[in-house]
Amino acid sequence: MLQRATIVILEVIIWAIPALPGHAQGTPKVQDPEDVANVIAEILQDPERLPLPLERIRPALLQHYLHDAGPIYWVGTGRMTPFLQRLADAADDGLNPDDYPIDALIELRDSLDEYDPENAAMAELFYSAFFVAYAADLKIGRLTPQKVDKRLFRNRKTIDVLRILTDLKKQNDPNAFLASFESQNPHYQALKKMLAVYRTAAETMKWPKIPTGTNIEPGASDPRIPAIREVLIMTGDHPGGGETGEAFDPDTVLAVSSFQMRHGLEAKGLIGKQTILAMNVPPAERARQIMLNMERWRWMPEDLGPHHFMVNLAGFELTEIEDDGVVDRMDVVVGAVATQTPEFSDELEYVEINPTWTVPYSIATKEMLPKLRKNPMAYASDFEIFVNGKLSSWGGINWNAYGPGRFPFTFRQKPGPKNALGKVKFMLPNPHNIYLHDTPSKDKFLATARAFSHGCIRLSRPMDLTYRLVGEIAGWSQPRIDAAFASGKTTRVPLPERIPVHMIYATAFEGDGGSIEFRPDVYGRDRKLDAALSGKPSS
């Protein structure tokens, strides 16, 4: 959007508006709006006089101030002071107040006492630019997703700059006006409320630092328990009162389990290293984590669909939502750190019962080829082989003669109990070749952190989803579905309507009952986003 404020701004802006509450009042001369408007027209028509941050929105500024003879907003009347106060309070929206540096501009303004329409005109333009940037940051986010991470496939939204400038003249309430730009998605709004809670906690609470050490089991005593109990009371997991000593008493065990569930940790009541690390994260860091997730929701489509699925890659969970209500939740396995599942949105189109599996090129060359060099018939019982697209035979192939870059083979696994996709897959055709499916590797669902796949999403209860989609939605009876599975043949079932599926990465979100939940940054995407927003290289 707009280039952030630089020293050039402070060199050219001198006077614009009455001071905000809390700022020293100077005695600047009153500026004549007509004189200011004339100077603005001169500036906008002279390419040499418009600094880069303004150059980017020149067409909208020209239309508003020159062609439409739009009002001068920021000079002298004081009407816009509440709007600028909203910019000063940008942290409440999960934005950075330093991106809209009105404090420095006001201080510079207050040091002058001369009539100066030239500098007032430049100030008017810059304040309009800051306000436009704020509205844009609320609506579409501060960053282009794929510049943060190549695995973020979100279409960049747009914003009508001229509409902001034109509609501003009708507005008296900055909160109501800016609310029209921020996401109304309930996930975003829940994060905004969470942000206020954690920012208040960061300002008012002294967070204990709990030392690491040996695991603490229920019923044991440990000198760290009082500090642990204090943290649990502050997080709302412990009701307070009761035991105050060093015993790991039943109430504290329940509170620890609650804390662990909210943080995506193994919830057995045992206090180990990961639990201590999570407890030692202070509210200010949690507030930052919430802010990062607010930025992600600004990239998302505003309309997720009345009936849709969300796969939270950081939470290892699929959620089905219909008419704003949760229909089902299901544990999933997502891509491993080395083969991360990308973030994107697409539509579920059909279900395939007894699917075949066409092996991706990377798996065929990196994982299967080394085994074939040792045993040329290693996969002959379960896989068909195609050479340059034609069904062929496994015999007589010298696998040592082939490798990445010279590999005309395609492997397709037959339906059956060993099939990597299990009994069913759910297709949302997309350029990333990501889909939802069953799996024969059920043991992976026993883990708390479930990043094991090559990128596709493995479902813990695929049959439930099959009966839901093929039965309730596509209209098949249960006997008909069961017969299709029993046949062993591949059967494709088109859905009567496409259903949106959103792959998201939420490390902070509202859980059931309004609880505040956090997840570890398994892919390091929080770290990358934080570095991009702060202008620092990610480690």
Side-chain angles (χ1 to χ4, degrees), residues 1-5 86-87 89-100 130-159 178-199 202 281 283-304 310-315 340-345 502-510 516-539:
M1 187 54 199
L2 298 174
Q3 175 177 309
R4 299 307 177 197
R86 176 68 182 261
L87 270 63
D89 296 334
D92 294 344
D93 286 311
L95 300 175
N96 183 4
D98 292 340
D99 288 345
Y100 328 98
F130 288 146
F131 192 80
V132 165
Y134 193 93
D137 289 348
L138 274 180
K139 184 174 179 64
I140 66 178
R142 286 175 277 175
L143 300 171
T144 301
Q146 274 209 287
K147 290 184 178 180
V148 178
D149 191 310
K150 62 182 180 180
R151 300 178 184 88
L152 308 185
F153 296 92
R154 299 287 176 211
N155 293 327
R156 183 67 163 156
K157 297 178 182 177
T158 60
I159 191 165
L178 289 169
S180 67
F181 294 98
E182 70 177 353
S183 173
Q184 299 307 305
N185 185 297
H187 303 282
Y188 177 90
Q189 292 297 323
L191 286 172
K192 186 174 179 179
K193 292 177 182 177
M194 290 165 56
L195 179 66
V197 171
Y198 275 83
R199 289 187 66 227
V281 177
E285 287 188 33
R286 290 301 184 195
R288 183 71 177 170
Q289 187 175 355
I290 293 167
M291 179 274 291
L292 297 175
N293 284 272
M294 291 174 71
E295 177 73 2
R296 289 192 180 101
W297 278 109
R298 295 185 188 109
W299 301 337
M300 291 290 290
E302 186 62 35
D303 183 6
L304 301 178
M310 281 198 309
V311 178
N312 182 0
L313 306 176
Q340 297 179 21
T341 306
E343 294 170 60
F344 67 99
S345 296
H502 306 282
M503 303 286 174
I504 68 170
Y505 189 79
T507 60
F509 55 92
E510 183 181 42
I516 298 174
E517 302 209 7
F518 298 98
R519 293 294 182 269
D521 185 19
V522 62
Y523 285 165
R525 293 182 187 175
D526 274 4
R527 185 181 69 252
K528 284 186 177 181
L529 179 54
D530 191 28
L533 287 170
S534 60
K536 300 176 183 177
S538 60
S539 56

* Taking all heavy atoms of Pro283 and all of Ala202, pick out the closest pair and write down the distance. => CB-N, 3.6 Å
* To do: For Glu302 and Asn185, indicate whether the former's side chain and the latter's backbone hold a donor-acceptor pair under 3.5 Å.
  => yes
* Structure fact -> In Arg286, Arg288, Arg296, the residue satisfying salt bridge (Lys or Arg N to Asp or Glu O under 4.0 Å) with Asp526 is Arg296
* Asked: Hey, is the main chain of Trp297 close enough, under 3.5 Å, to the side chain of His187 for a donor-acceptor pair?
  -> no
* To do: Let me see the working for Asp149 and Tyr523 under side chain to side chain contact (heavy atoms under 4.5 Å, CB included), right down to the final yes or no.
  => CA-CA 11 Å; Asp149 191 310; Tyr523 285 165; over 6 Å; no
* Asked: Quick one: does Glu343's side chain have a donor or acceptor within less than 3.5 Å of a partner on Arg154's backbone?
  -> no
* **Any side-chain heavy-atom pair of Leu292 and Thr507 under 4.5 Å** => no
* Asked: How many angstroms lie between atom CD1 of Ile290 and atom CD1 of Ile516, to the nearest 0.5 angstrom?
  -> 6.0 Å
* Can you find a heavy atom in the side chain of Leu313 that is under 4.5 Å from one in the side chain of Arg519? -> no
* **Minimum heavy-atom distance between Leu529 and Val148, given as atom pair plus value** => CA-CG1, 3.8 Å
* To do: Measure the spacing between OG of Ser534 and CG of Asp98 and express it to the nearest 0.5 Å.
  => 12.0 Å
* To do: Taking all heavy atoms of Ala532 and all of Leu143, pick out the closest pair and write down the distance.
  => CB-CD1, 3.6 Å
* Asked: When rounded to the nearest 0.5 angstrom, what distance separates CG in Asn155 from OG in Ser345?
  -> 8.5 Å
* Asked: Below 4.0 angstrom, N of the basic side chain to O of the carboxylate: do Glu510 and Lys193 qualify?
  -> no
* Sub-3.5 Å donor-acceptor pair from the side chain of Asp521 to the main-chain atoms of Arg527, do we have one? -> yes
* Asked: Rounded to the nearest 0.5 Å, how far does NE2 of His502 lie from CG of Leu304?
  -> 4.5 Å
* To do: For Gln184 and Glu182, indicate whether the former's side chain and the latter's backbone hold a donor-acceptor pair under 3.5 Å.
  => yes
* To do: I would like to know whether Asn96 and Leu533 meet side chain to side chain contact (heavy atoms under 4.5 Å, CB included); could you show each step before the answer?
  => CA-CA 9 Å; Asn96 183 4; Leu533 287 170; over 6 Å; no
* Tyr100 and ring pair (Phe, Tyr, Trp, His ring centres under 6.0 Å): which partner among Phe131, Tyr134, Phe130? -> Tyr134
* Least distance between heavy atoms, Tyr505 atom then Asn293 atom -> O-OD1, 3.6 Å
* Structure fact -> From the list Arg86, Lys192, Arg199, salt bridge (Lys or Arg N to Asp or Glu O under 4.0 Å) partner of Asp92 resolves to Arg199
* Check whether any side-chain N or O of Gln189 sits under 3.5 Å from a backbone N or O of Ser183 as a donor-acceptor pair, and report yes or no. => yes
* Considering non-hydrogen atoms only, spot the tightest contact between Thr144 and Arg156 and give its length. => OG1-NE, 3.6 Å
* Is a side-chain donor-acceptor pair under 3.5 Å present for Arg151 with Thr341? -> no
* Asked: Out of curiosity, Leu95 CG to Asp89 CG, how far, rounded to the nearest 0.5 Å?
  -> 11.5 Å
* Asked: How far apart are the C-alpha atoms of Lys157 and Trp299, what are their side-chain angles, what is the distance that settles it, and do they pass the side chain to side chain contact (heavy atoms under 4.5 Å, CB included) test?
  -> CA-CA 7 Å; Lys157 297 178 182 177; Trp299 301 337; 5.9 Å; no
* Asked: Which class fits the ring pair Phe518 and Tyr198: parallel under 30°, tilted 30 to 60°, perpendicular over 60°?
  -> perpendicular
* Asked: Do you know the tightest heavy-atom contact between Met310 and Ile504?
  -> SD-CD1, 4.0 Å
